[in-house]
2 protein chains.
Amino acid sequence: MATHAHHHHEHQGHDLADAAKSALTAAGEQWTDMRADIFAVLATFDKPASAYDIADLVSQKRGKRVAPNSVYRILDLFVSNNLASRVESANAYLANAHPGCLHDCIFLICDSCGSATHIDDDSLTGNVRKAAEAAGFSAVRPVVEVRGTCADCD
Amino acid sequence: MATHAHHHHEHQGHDLADAAKSALTAAGEQWTDMRADIFAVLATFDKPASAYDIADLVSQKRGKRVAPNSVYRILDLFVSNNLASRVESANAYLANAHPGCLHDCIFLICDSCGSATHIDDDSLTGNVRKAAEAAGFSAVRPVVEVRGTCADCD
DNA sequence: CGCCCGACGTTACAACATATCATTTAACAT
DNA sequence: ATGTTAAATGATATGTTGTAACGTCGGGCG
């Protein structure tokens, strides 16, 4: 794997794991071996990873079966703390490249190769929030995803 | 439930079923008893209905087990022809109040009561499409949903 | 009639998610 | 060090959602 291409403020590899650890501990949660392993595996994916995918890989890595429910517990924790996002239209998860920094994420998922790219557009998601609030909704959490075909698969 | 509030151009009840039938036949598809039953059941819901919910109700209605499989097939057909929409964040389906008329729908789903409301905002979804296309995606299908708490549950 | 094709039935299974309770580990006071 | 408590994880079971594969039935058409 290449070493750097440090772009604007995104982490990757060990750097990313460190950032995740910091964000989680800053939130008063523990950074356990299990959590580290699950995060590490999740971070290797460039497409949304299902809890079962992760469970399998972590099981291999540890030489001991890790049950899906353990993975779900930790993924939920990650999502709550912005270390990861759930991609609703894929029933799967992605590591967040900028833990601790919170956005309403927009995901583009390629129906052909399954890869996902992530864009932030706060004005766009802000408008989604506004529209929901105008309709009387509160505590809103936008889910903005786009299914389509990526440039590589075109 | 109130009786009317005929707003701009939405169908309901028998009227809606008729519109659905027209739209489907216009697309060269058949309007069978099974399809009519499934659509009728789907249209009774004011919250996203799972394929299994529908299967159960249609089974009752017909006095004969209808397998989820059959329901999925027909729901897929409905979705393809704009008679219904899939709500990704709920793994469930909603009848479309204006069959034949195509929009990128925005759904607001209440986490408390589960009800869903539907809004159209073509400029908003248009911007989502544009953002995806700017990122090199084609044949895009926006998924814009908002989880939150509705006014009634507030 | 014989053929094809679309719709639906049947069965089986794969994939995703949660509930419940037991066990282990960490934190901390005694 | 040891007991107490709460958090984290393990184990098992089950519930929910979604597909695959193939069989049957009935209508349209040569």
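Just so it is clear: chains get the letters A, B, ... in the order the sequence lines come, proteins before strands, and each one is counted from 1. All values below come from the heavy atoms of this structure, side chains included, with hydrogens, waters and symmetry mates left out.
Judged by distance alone, with hydrogens and angles left aside, the side-chain atoms of A:Arg35 form a donor-acceptor pair with the main-chain N or O of A:Gln30 at under 3.5 Å. B:Asp111 places no side-chain N or O within donor-acceptor distance of the main-chain N or O of B:Arg147, the cut-off being under 3.5 Å.
The distance between atom CD of A:Glu29 and atom P of D:dT9, rounded to the nearest whole Å, is 10 Å. Rounded to an integer number of Å, the gap from B:Ile38 CD1 to C:dA7 P is 13 Å. Between B:Tyr93 atom OH and D:dT16 atom C1' there is a gap of 13 Å when expressed in whole angstrom units. Between B:Ile54 atom CD1 and D:dT17 atom C1' the separation is 13 Å, expressed in whole Å. Between the P atom of C:dC16 and the CG atom of A:Asn91 lies a distance of 7 Å, rounded to the nearest Å. For the pair B:Arg35 CZ and C:dG9 C1', the computed distance is 14 Å after rounding to whole Å. Rounded to an integer number of Å, the gap from CG of A:Asp53 to C1' of C:dA17 is 14 Å. Going from atom CG of A:Asp56 over to atom C1' of C:dA15 covers 12 Å, rounded to whole Å.
Distances shown here put a side-chain N or O of B:Gln30 below 4.0 Å from the OP1 or OP2 atom of C:dA7. Regarding contacts with the backbone of C:dA7, every side-chain N or O of B:Thr32 stays at 4.0 angstrom or more from both OP1 and OP2. Not one side-chain nitrogen or oxygen of A:Arg86 sits closer than 4.0 Å to the OP1 or OP2 atom of C:dC16.
B:Cys110 places none of its side-chain heavy atoms less than 4.5 Å from the side chain of B:Leu108. The side-chain heavy atoms of B:Phe107 and B:Glu88, taken from C-beta on, include no pair separated by under 4.5 Å. Between B:Val144 and A:Glu145 the shortest side-chain heavy-atom distance does not fall below 4.5 Å.
Note on A:Phe39 and A:Leu24: same hydrophobic cluster, where clusters join Ile, Leu, Val, Met, Phe, Trp and Tyr whose side-chain heavy atoms are under 4.5 Å apart, directly or indirectly.
Contacts with DNA chain C (heavy atom under 4.0 Å) in residues 62-75 of chain A: A:Asn69, A:Tyr72, listed by number.
For C:dC16, the base is stacked against the aromatic ring of A:Tyr52, per a cut-off of 5.5 Å between centres and 30° between planes.
Ring pair A:His103/A:His98 is perpendicular by interplanar angle, where above 60° counts as perpendicular and below 30° as parallel.
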